[in-house]
Amino acid sequence: MSFLINTPTLERKAFAKHFLTGVHSEIRYKPIELEKLLEKKTELDVAFKHHGFSEMRDIIRGEFKLETRVDQPAHVSQEAKPVGIIFSNQSPRYEVKIEIDKIVYSSFSYISFEDYQSKFKDIFRVVSEVLSFDDNFTINKVGFRKINSVVIQPFSSFQNNLSIFNPALFGTARSGLLKFDKFKINEDTTVLEETDDKLFILRTKLMKTAEDSIEATIDADFVKLGKKISVNDVFDEILPSLNQCHFDLFMWSVTDEMRNLMESER
């Protein structure tokens, strides 16, 4: 899948080390009834426990209500209501959020794409069976987001200590404009889109975590949109293609110096 940015397609490889802090996939579909989802909560909990999830809780959102009466001040109240369910596990750490129009699978203990995709496919199968998705069920959005984050310490110079990243990244900090002793945070966001088909969001962030350390984050999100995406399309074509986009972008984002560090066993 060609995807909005100018990166060559490279042969994927596994590194001995990585600095992925979170990997998230979203499948969005035509909304179902909230009552149906909540009625199946116990059944989902039993099924997810068989797949290594140890905890369940509701997703709660506040809903505001405005009341007005003659000759009295307007009154705003907030009522908390469940809008979905979260299933999670702490070690290894991962979670699934199920709402009326989407399923989001997040891994914070990422091993490989093949492991991640297999787990997500099992999760989706469980949800579709318990919620009885019919044969006409179609998907309209597939998102795949990866967050790489690394703390650099000791940190003394934007120009020198950011040399492990492509020179095009963190440009404001590397320009010489910012005083390091006064620095707190720097963020940039880029959005590219192809109407009703593709979306790409890249967020970069530098944050001082101590007087001599900086946390650098590269947060990339590739999204495929469509009106009638099948489940087979998601797992056989779209997610593998989006993962390839992530790999190509990552290889562009880091220099040989960083890749050598990731390949080292020490």
Do [X] and [Y] come within less than 4.5 Å of each other through their side chains, counting heavy atoms only?
X	Y	value
Glu55	Ile86	no
Thr21	Phe108	no
Ser253	Met258	no
Val231	Ser128	no
His51	Ile123	no
Leu10	Trp252	no
Lys13	Glu263	yes
Val254	Ile164	no

I'd like to know whether the aromatic ring centres of [X] and [Y] sit less than 6.0 Å apart in this structure.
X	Y	value
His24	Tyr116	no
Phe19	Phe250	yes
Phe158	Phe155	yes
Phe48	Phe53	yes
Tyr29	Phe137	yes

Do you know which two heavy atoms are closest between [X] and [Y], and how far apart they sit?
X	Y	value
Arg259	Met251	NH1-O, 2.7 Å
Lys30	Asn140	N-ND2, 3.9 Å
Leu202	Ile218	CD1-CG2, 4.0 Å
Asp248	Thr7	CB-OG1, 3.8 Å
Asn161	Ser156	OD1-N, 2.8 Å
Phe170	Thr204	CE2-CB, 3.7 Å

Do [X] and [Y] land in one hydrophobic cluster if side-chain heavy atoms of ILVMFWY residues count as linked below 4.5 Å?
X	Y	answer
Phe113	Phe235	yes
Val104	Ile32	no
Tyr110	Phe222	yes
Ile5	Val142	yes
Ile238	Leu199	no

Does atom [atom1] of [X] have more than 12 heavy-atom neighbours, drawn from other residues, nucleotides or ligands, at distances under 6.0 Å?
X	atom1	result
Asp196	CG	no
Arg125	CZ	yes
Lys119	NZ	yes

Which distance, rounded to the nearest 0.5 Å, do you find between the [atom1] of [X] and the [atom2] of [Y]?
X	Y	atom1	atom2	result
Lys146	Ser107	NZ	OG	10.5 Å
Ser112	Asn243	OG	CG	9.5 Å
Ile201	Thr190	CD1	OG1	10.5 Å
Ile152	Asp212	CD1	CG	12.0 Å
Leu206	Thr172	CG	OG1	9.5 Å
Gln159	Ser175	CD	OG	7.5 Å

Any donor-acceptor pair under 3.5 Å from [X] side chain to [Y] backbone:
X	Y	answer
Arg174	Leu162	yes
Asn166	Ala168	yes
Ser118	Asp115	no
Ser25	Tyr105	no

> Between Arg12 and Gln244, does a side-chain contact (heavy atoms from CB on, under 4.5 Å) hold up when you go through it step by step?
Replying inline: CA-CA 7 Å; Arg12 285 177 53 221; Gln244 180 67 52; 3.4 Å; yes

>> Set out, in order, the CA-CA distance, both residues' side-chain angles and the distance that settles side-chain contact (heavy atoms from CB on, under 4.5 Å) for Met56 and Ile85, then state yes or no.
In response: CA-CA 7 Å; Met56 178 188 72; Ile85 313 166; 3.6 Å; yes

> Is it the case that Ser149 and Glu215 place a side-chain donor and acceptor less than 3.5 Å from each other?
Replying inline: yes

> Parallel, tilted or perpendicular: which describes the rings of Phe124 and Phe133, with under 30° parallel and over 60° perpendicular?
Replying inline: tilted

> Given the rule in the side-chain contact (heavy atoms from CB on, under 4.5 Å) test, do Lys141 and Val223 qualify, once you have shown the distances and angles that lead to the verdict?
Replying inline: CA-CA 7 Å; Lys141 176 183 176 183; Val223 180; 3.7 Å; yes

>> Let's go through Leu249 and Phe3 carefully: what are the C-alpha distance in whole Å and the side-chain angles of both, what is the deciding distance for side-chain contact (heavy atoms from CB on, under 4.5 Å) to 0.1 Å, and is it a yes or a no?
In response: CA-CA 11 Å; Leu249 175 64; Phe3 223 106; over 6 Å; no

>> Assess the residue pair Lys224 and Asp197 against the criterion (salt bridge (Lys or Arg N to Asp or Glu O under 4.0 Å)); give the C-alpha distance rounded to whole Å, side-chain angles, the decisive distance to 0.1 Å, and a yes or no.
In response: CA-CA 6 Å; Lys224 171 63 178 171; Asp197 186 25; 2.3 Å; yes

>> Does the Lys NZ or Arg CZ of Lys208 fall within the cation-pi geometry relative to Phe180 - under 6.0 Å from the ring centre and within 45° of the axis?
In response: yes

> Where do Glu26 and Arg28 land on the salt bridge (Lys or Arg N to Asp or Glu O under 4.0 Å) test, with the steps shown first?
Replying inline: CA-CA 6 Å; Glu26 175 183 290; Arg28 190 179 289 264; 3.3 Å; yes

